[in-house]
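Per chain, numbering begins at 1; letters A, B, ... match sequence-line order. Every heavy atom of this structure was used, including side-chain atoms; hydrogens, water molecules and symmetry mates were not.
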There are 2 protein chains.
Amino acid sequence: MCKPWSDKLRKIQPYVAGEQSKNPNVIKLNANENPYPPSPKVKEVLSNFNTDNLRKYPASDASELRTALAKAYNLDTSQIFMGNGSDDVLALCFQAFFCSDKPILFPDLTYSFYPVWCSLFKTPYKNIPLDENFRINPDDYKEENGGVILPNPNAPTGIYENLDFIEKILNNNTDSIVIIDEAYIDFGGQSAISLLDKYQNLVIVQTMSKSRSLAGLRVGYAFASAELISVLDAVKNSYNSYTMDSVTISAAAASLNDDKYFKDTCNKIINTRQKTIKALETLGFDVVPSMANFVLATHKSVKAINIFEQLKKQNIFVRYFKIPRIDNYLRITIGTDDEMYKLFYALKKLL
Amino acid sequence: MCKPWSDKLRKIQPYVAGEQSKNPNVIKLNANENPYPPSPKVKEVLSNFNTDNLRKYPASDASELRTALAKAYNLDTSQIFMGNGSDDVLALCFQAFFCSDKPILFPDLTYSFYPVWCSLFKTPYKNIPLDENFRINPDDYKEENGGVILPNPNAPTGIYENLDFIEKILNNNTDSIVIIDEAYIDFGGQSAISLLDKYQNLVIVQTMSKSRSLAGLRVGYAFASAELISVLDAVKNSYNSYTMDSVTISAAAASLNDDKYFKDTCNKIINTRQKTIKALETLGFDVVPSMANFVLATHKSVKAINIFEQLKKQNIFVRYFKIPRIDNYLRITIGTDDEMYKLFYALKKLL
């Protein structure tokens with residue numbers, strides 16, 4: 001059949017997310033989801049929500065959530081941008097802040113969505129290799145560029161760098177926007193929020209998908225100077241005026257206001273992570289030091305792809321990336337203690 | 001202060017949505033919102049939602065909603081794309097289908113987001129003027145182009161064209177993608193869905209924001225051939241893997257399954273619209289024939305901007321566009337009978 005319109009279609013290789021399963025017996029350690037439910041306040045919001053109001057567009061400034069974020073992070077509401085998951089926020093950041101002909105810089109091993117957005121928005125980029133220990137060297141980020149984006153902790157390595165490191169990156173890049181993607185910051189790292197007053201070119205992106213157990217609700221945010229936030233707002237309002245729905249705005253605000261639950265959950269995961277690392281080491285794994293809710297590990301003798309497939313047969317899903325340098329590693333999300341015991345015994349048996 | 005990174009920021013004029021008000025006494029006839037609440041099934045979903053599941057990412061295929069849409073519109077699930085409001089769906093359609101150097105075509109008076117997306121995505125475009133009665137002439141859409149997008153009914157005119165007209169547009173544009181934006185189709189028009197089998201280059205976009213009273217939930221969708229939907233999916237998955245949250249997916253599906261409520265609500269609005277048109281005519285208005293949930297009207301002697309401002313003082317919000325050709329018109333959303341009576345008496349008094 002003749003399709004004369006085919007040349008007008010976009011050709012693109014999309015990002016591929018971790019496999020989903022509808023089988024409730026699966027131990028799902030492949031998408032960095034939180035094993036604990038969200039704050040009970042979220043349930044209250046949904047149960048009591050006045051659905052009659054859904055006939056109206058959401059509040060254009062999502063003020064309920066913005067105010068909750070400002071309070072939680074001690075910021076002015078003008079320093080806050082919110083979106084439909086941190087992927088939405090990051091995609092809008094790429095369009096708002098990476099508008100030069102020079103390549104943006106990010107590590108060779110990092111969140112695999114970055115090159116996909118570069119392809120979608122035709123943003124030139126250059127990969128900077130991590131060193132042999134999977135560390136980022138800040139002096140590698142000195143060349144002329146159109147912007148810098150780094151996750152901290154990095155993914156899928158889990159390695160965290162302290163604020164001195166972030167300042168080095170910022171001081172090396174005073175004429176670009178520097179985005180620090182803090183999707184995993186709440187599992188033991190220190191956010192760069194305290195640097196916002198000092199660096200007008202710093203953008204911090206966070207998400208409620210991991211530490212707040214709200215992957216299913218789609219909430220992400222950016223913190224930056226009011227000037228940069230106004231650019232993000234303009235781009236967002238040129239794309240979709242209302243990205244966040246009214247239920248999500250209220251439920252996310254309620255979650256943010258429950259600080260004790262949040263901290264307790266993060267501490268549980270941090271404890272389980274430390275136990276998991278030790279357990280994996282006793283089984284002969286080398287584990288990359290992680291400050292995230294996952295670990296990247298390689299076994300001294302058994303191939304990662306084989307372990308991945310064996311675990312899958314036993315309904316334990318971990319993540320395997322067929323990517324140079326880490327194609328003999330597994331990325332394992334930290335679940336509950338019980339889930340990690342089951343993983344441990346499954347691994348012990350098959351190794 | 002020196003800002004050497006300023007040249008890397010995006011400069012763009014965003015779309016401006018209808019004014020919001022937190023005053024519950026405002027009669028809000030400025031955003032084409034539905035005056036009736038959504039189906040009671042939406043309330044049930046929220047009340048009974050298992051929030052523990054929000055720790056997980058939404059189902060990647062949003063199959064619950066996709067299946068409900070397929071059933072409601074008698075389509076295959078492969079012909080359906082869903083997004084975060086029809087603005088999200090349309091923005092992705094622009095990126096997926098308008099990828100040539102030739103200008104896309106749309107009317108001079110139409111949804112004002114179209115030129116904003118062209119600016120955001122650097123898509124060339126050409127405005128085709130509506131005729132003196134605000135009608136679209138399909139023979140104006142014969143020139144070489146990168147794509148065609150038309151709302152039917154058109155906004156802000158409210159004028160509906162039948163399927164013969166849509167076929168003329170399609171036959172004039174066999175080498176482009178033709179998008180019919182049916183945001184207002186449920187208020188008396190006939191959808192072009194029946195043409196999908198015949199035209200592989202047709203894309204239909206709809207929304208739950210108007211006829212389903214779910215503006216606050218952000219749900220839009222596209223219907224097209226499986227081939228075109230796969231391109232939309234690839235672009236979406238290059239932007240944000242999970243745009244629709246789990247609550248929205250379930251609540252929207254429940255609303256779609258309540259067909260009787262939907263039809264009753266639409267019929268109420270159609271009846272109120274016809275009464276409103278007659279009432280406005282008795283007050284000296286010329287009303288453009290509308291098949292939408294709004295009317296575009298101009299008064300024979302009093303200036304639209306003055307009526308707009310007087311109504312606002314009385315807490316009745318309608319929409320005024322400072323746009324050539326319609327800068328002496330008001331766009332008035334159809335509310336409840338009671339709201340339209342109040343509008344009528346306010347107008348009667350001030351005219």
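- Cation-pi geometry between B:R212 and B:F262 is met: the NZ or CZ atom falls under 6.0 Å from the ring centre, inside 45° of the normal.
- Evaluation of the side chain to side chain donor-acceptor pair (under 3.5 Å) test over residues 84-94 of chain B, restricted to residues two or more places apart or in two chains, returns B:D87-B:Y111.
- The cationic atom of B:K8 (NZ for Lys, CZ for Arg) does not lie both less than 6.0 Å from the six-membered ring centre of A:F97 and within 45° of the ring axis.
- Pairing each heavy atom of A:L217 with each of B:D245, the nearest pair is O-CB, 3.4 Å.
- Of the two parts of A:V235, the backbone and the side chain both hold a non-hydrogen atom closer than 4.5 Å to a non-hydrogen atom of chain B.
- Considering only heavy-atom pairs separated by less than 4.5 Å from chain B, the leading option among A:P40, A:G147, A:P58, A:A251 is A:P58.
- Both the backbone and the side chain of A:L214 have a heavy atom closer than 4.5 Å to some heavy atom of chain B.
- Only the side chain of A:L228 comes within less than 4.5 Å of a heavy atom of chain B; its backbone N, CA, C and O stay farther away.
- Only the side chain of A:K210 has a heavy atom closer than 4.5 Å to any heavy atom of chain B.
- Across every non-hydrogen atom of B:C93 and B:L232, the tightest pair is N-CD2, 3.7 Å.
- Contacts of A:F121 with chain B are made by side-chain atoms alone, with heavy-atom separations under 4.5 Å and no backbone atom involved.
- Proximity to chain B (any heavy atom under 4.5 Å) is restricted, for A:M244, to the backbone atoms N, CA, C and O.
- Heavy-atom pairs under 4.5 Å with chain B peak, among A:T243, A:V42, A:V231, at A:T243.
- Looking only at heavy-atom pairs under 4.5 Å with chain A, the residue among B:S246, B:P38, B:C99 that has the most is B:C99.
- Ranked by non-hydrogen atom pairs under 4.5 Å with chain A, the options B:F113, B:Y36, B:Y57 are led by B:Y57.
- Between B:K102 and B:E144 there is a salt bridge, since a side-chain N of the basic residue sits under 4.0 Å from a carboxylate O of the acidic one.
- Only the side chain of A:D61 comes within contact range of chain B, judged by heavy atoms closer than 4.5 Å.
- If you tally non-hydrogen atom pairs under 4.5 Å between each of B:P35, B:S6, B:S47 and chain A, the highest count goes to B:P35.
- In this structure, the side chains of B:T51 and A:L46 come closer than 4.5 Å at one or more pairs of heavy atoms.
- Heavy atoms of A:F98 lying under 4.5 Å from chain B belong exclusively to its backbone.
- Taking chain A as the reference chain and counting heavy-atom pairs below 4.5 Å, the highest number among B:Q95, B:R218, B:R10 is found for B:R218.
- Within the 3.5 Å criterion, the main-chain N or O of A:N32 finds a donor-acceptor partner in the side chain of A:T333.
- For A:S63, the part lying under 4.5 angstrom from a heavy atom of chain B is the side chain only.
- A donor-acceptor contact shorter than 3.5 Å links the side chain of B:W117 to the backbone of A:Y239.
- In terms of heavy-atom pairs under 4.5 angstrom with chain A, the leader among B:G146, B:A59, B:A234 is B:A234.
- Heavy-atom pairs under 4.5 Å with chain B peak, among A:V116, A:V219, A:D233, A:L120, at A:L120.
- Between chain A and the residues B:S238, B:S176, B:S119, B:P37, the largest count of heavy-atom pairs under 4.5 Å involves B:S238.
- Per-residue heavy-atom pair counts under 4.5 Å with chain B were compared for A:T248, A:N237, A:L54, and the maximum is reached by A:L54.
- No other option in A:E33, A:K11, A:E227 has as many heavy-atom pairs under 4.5 Å with chain B as A:E33.
- Listed options A:A96, A:S100, A:G83, A:G85 were ranked by heavy-atom pairs under 4.5 angstrom with chain B; first place goes to A:A96.
- Residue B:N145 forms a side-chain hydrogen bond (donor to acceptor under 3.5 Å, both in side chains) with just one option from B:D175, B:N172, B:N173, and that option is B:N173.
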